[in-house]
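As structure tokens, the structure follows; a few thoughts come after it.
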Amino acid sequence: MKRLLSLFIALIMTVSLCACGSGEKVTDFYNKVTESQDLLDAVADAIYSNWYDAIYEDEFGEDINTAIYMAQLDHTDDLERIEELDAEISDLFKEIKDTEQGALIKDIMSAYSDYYEFVVNVSGSFNSYSADKETLKKELASLLKDLSYEI
């Protein structure tokens, strides 16, 4: 009986430790996505600003591609950090997608991936860029806020 009780306690402790580990990974995922979003916001805002200036302020020789390139060049360090975080986020996602918060984590990963692609691979018109930028930014921020309540 004592042996059975010992095994039961050991099993409960193991499950508890595993749960704590996944909780830490969820928190790490949240922190990395939040950091990446902050950097993506800065890059997206710079692209928007330069694009606007190229169209309406006659800057960058009115060349949109130059305007976008200059924004990216000004944020080279941010873009490098975003790439590092993206790899870390992807690895964490694989580990935590089936946890208790799995559905929300999958929604966050989808919103994050959309925003990441939007910022890193700029396309479309100025109007579509400005509209999509705000939509994608708000969607990811809202989902991250939901996750913050659960961790």
Side-chain angles (χ1 to χ4, degrees), residues 7-55 59-60 63-151:
L7 285 172
F8 181 71
I9 291 172
L11 178 64
I12 289 175
M13 290 177 65
T14 302
V15 170
S16 297
L17 288 174
C18 290
C20 290
S22 69
E24 289 174 16
K25 288 181 181 184
V26 170
T27 300
D28 197 25
F29 175 81
Y30 169 83
N31 290 335
K32 288 183 186 305
V33 174
T34 299
E35 180 184 351
S36 187
Q37 182 188 17
D38 290 342
L39 296 170
L40 288 166
D41 289 349
V43 175
D45 291 345
I47 290 169
Y48 170 85
S49 179
N50 282 12
W51 200 337
Y52 178 92
D53 291 345
I55 294 171
E59 292 185 21
F60 305 101
D63 185 346
I64 294 165
N65 292 324
T66 300
I68 293 168
Y69 174 75
M70 293 306 293
Q72 292 169 331
L73 189 61
D74 290 343
H75 288 272
T76 300
D77 291 342
D78 292 342
L79 288 165
E80 288 174 3
R81 180 64 181 145
I82 289 166
E83 290 294 324
E84 292 170 9
L85 286 167
D86 185 58
E88 294 170 15
I89 289 166
S90 294
D91 289 343
L92 282 168
F93 173 72
K94 291 173 189 172
E95 295 179 38
I96 63 171
K97 66 182 179 183
D98 295 322
T99 61
E100 185 178 316
Q101 297 94 357
L104 179 55
I105 287 168
K106 289 174 186 173
D107 289 344
I108 289 170
M109 191 65 186
S110 177
Y112 165 76
S113 295
D114 291 346
Y115 192 35
Y116 172 88
E117 284 299 317
F118 172 80
V119 174
V120 173
N121 300 310
V122 180
S123 64
S125 69
F126 177 73
N127 289 336
S128 69
Y129 187 85
S130 60
D132 291 346
K133 177 176 79 79
E134 291 306 313
T135 300
L136 293 169
K137 182 188 293 192
K138 287 177 183 176
E139 180 180 349
L140 181 55
S142 175
L143 290 167
L144 284 170
K145 185 177 180 181
D146 292 345
L147 182 60
S148 75
Y149 294 137
E150 293 192 27
I151 55 178

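Just so it is clear, the model here is predicted, and its values are computed rather than measured.
Contact detail for T99 and S22: the closest heavy-atom pair is CG2-CB, 4.0 Å. Residues L92 and K32 come closest through the heavy atom pair CD1-CD, 3.7 Å. Across all their heavy atoms, D63 and T66 have their closest contact at OD2-OG1, 3.0 Å. Nearest approach of D146 to L104, heavy atoms of both residues: C-CD2, 3.8 Å. Minimum interatomic distance between L85 and L39 (heavy atoms only, all atoms of both residues): CD1-CD1, 4.0 Å. The heavy-atom pair separating Q72 from L79 by the smallest distance is O-CD1, 3.6 Å.
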Check: residues 105-113 side-chain donor-acceptor pairs under 3.5 Å, at least two apart:
{"unit_1": "Y112", "atom_1": "OH", "unit_2": "S36", "atom_2": "OG", "d": "3.4"}
{"unit_1": "Y112", "atom_1": "OH", "unit_2": "D86", "atom_2": "OD1", "d": "3.1"}
{"unit_1": "S113", "atom_1": "OG", "unit_2": "M109", "atom_2": "O", "d": "2.9"}

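The 12-atom threshold is exceeded at CZ of F126, counting heavy atoms of other residues, nucleotides or ligands nearer than 6.0 Å. Surrounding CD of E134 are more than 12 heavy atoms belonging to other residues, nucleotides or ligands, all under 6.0 Å away.
For E117, there are no salt bridge (Lys or Arg N to Asp or Glu O under 4.0 Å) partners two or more places apart in sequence or in a different chain. Contacts of E83 classified as salt bridge (Lys or Arg N to Asp or Glu O under 4.0 Å), with partners at least two apart in sequence or in another chain: none.
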Decide yes or no on side-chain contact (heavy atoms from CB on, under 4.5 Å) for L140 and V33, but give the supporting numbers first. CA-CA 9 Å; L140 181 55; V33 174; 4.1 Å; yes

Working for side-chain contact (heavy atoms from CB on, under 4.5 Å), residues I96 and D28: CA-CA 10 Å; I96 63 171; D28 197 25; over 6 Å; no

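Side chain of T76 to backbone of L73: a donor-acceptor contact under 3.5 angstrom is found. The main-chain N or O of K138 is never found under 3.5 Å from a side-chain atom of S142 such that the two would form a donor-acceptor pair. Checked by atom type and distance alone, the side chain of S148 pairs as donor or acceptor with a backbone atom of K145 at under 3.5 Å.
Rounded to the nearest 0.5 Å, atoms CG (N50) and CG (D74) are 6.5 Å apart.
Listed by first then second residue, pairs satisfying salt bridge (Lys or Arg N to Asp or Glu O under 4.0 Å) with a partner in residues 35-52 read E35-R81, D45-K133, D45-K137, not counting sequence neighbours. Pairs passing the ring pair (Phe, Tyr, Trp, His ring centres under 6.0 Å) check and including a residue from residues 129-151, sequence neighbours excluded, read W51-Y129, F118-Y129. Counting only residues at least two apart or on different chains, no ring pair (Phe, Tyr, Trp, His ring centres under 6.0 Å) pair has a member in residues 24-45.
Between I68 and I64, some side-chain heavy-atom pair lies under the 4.5 Å cut-off.
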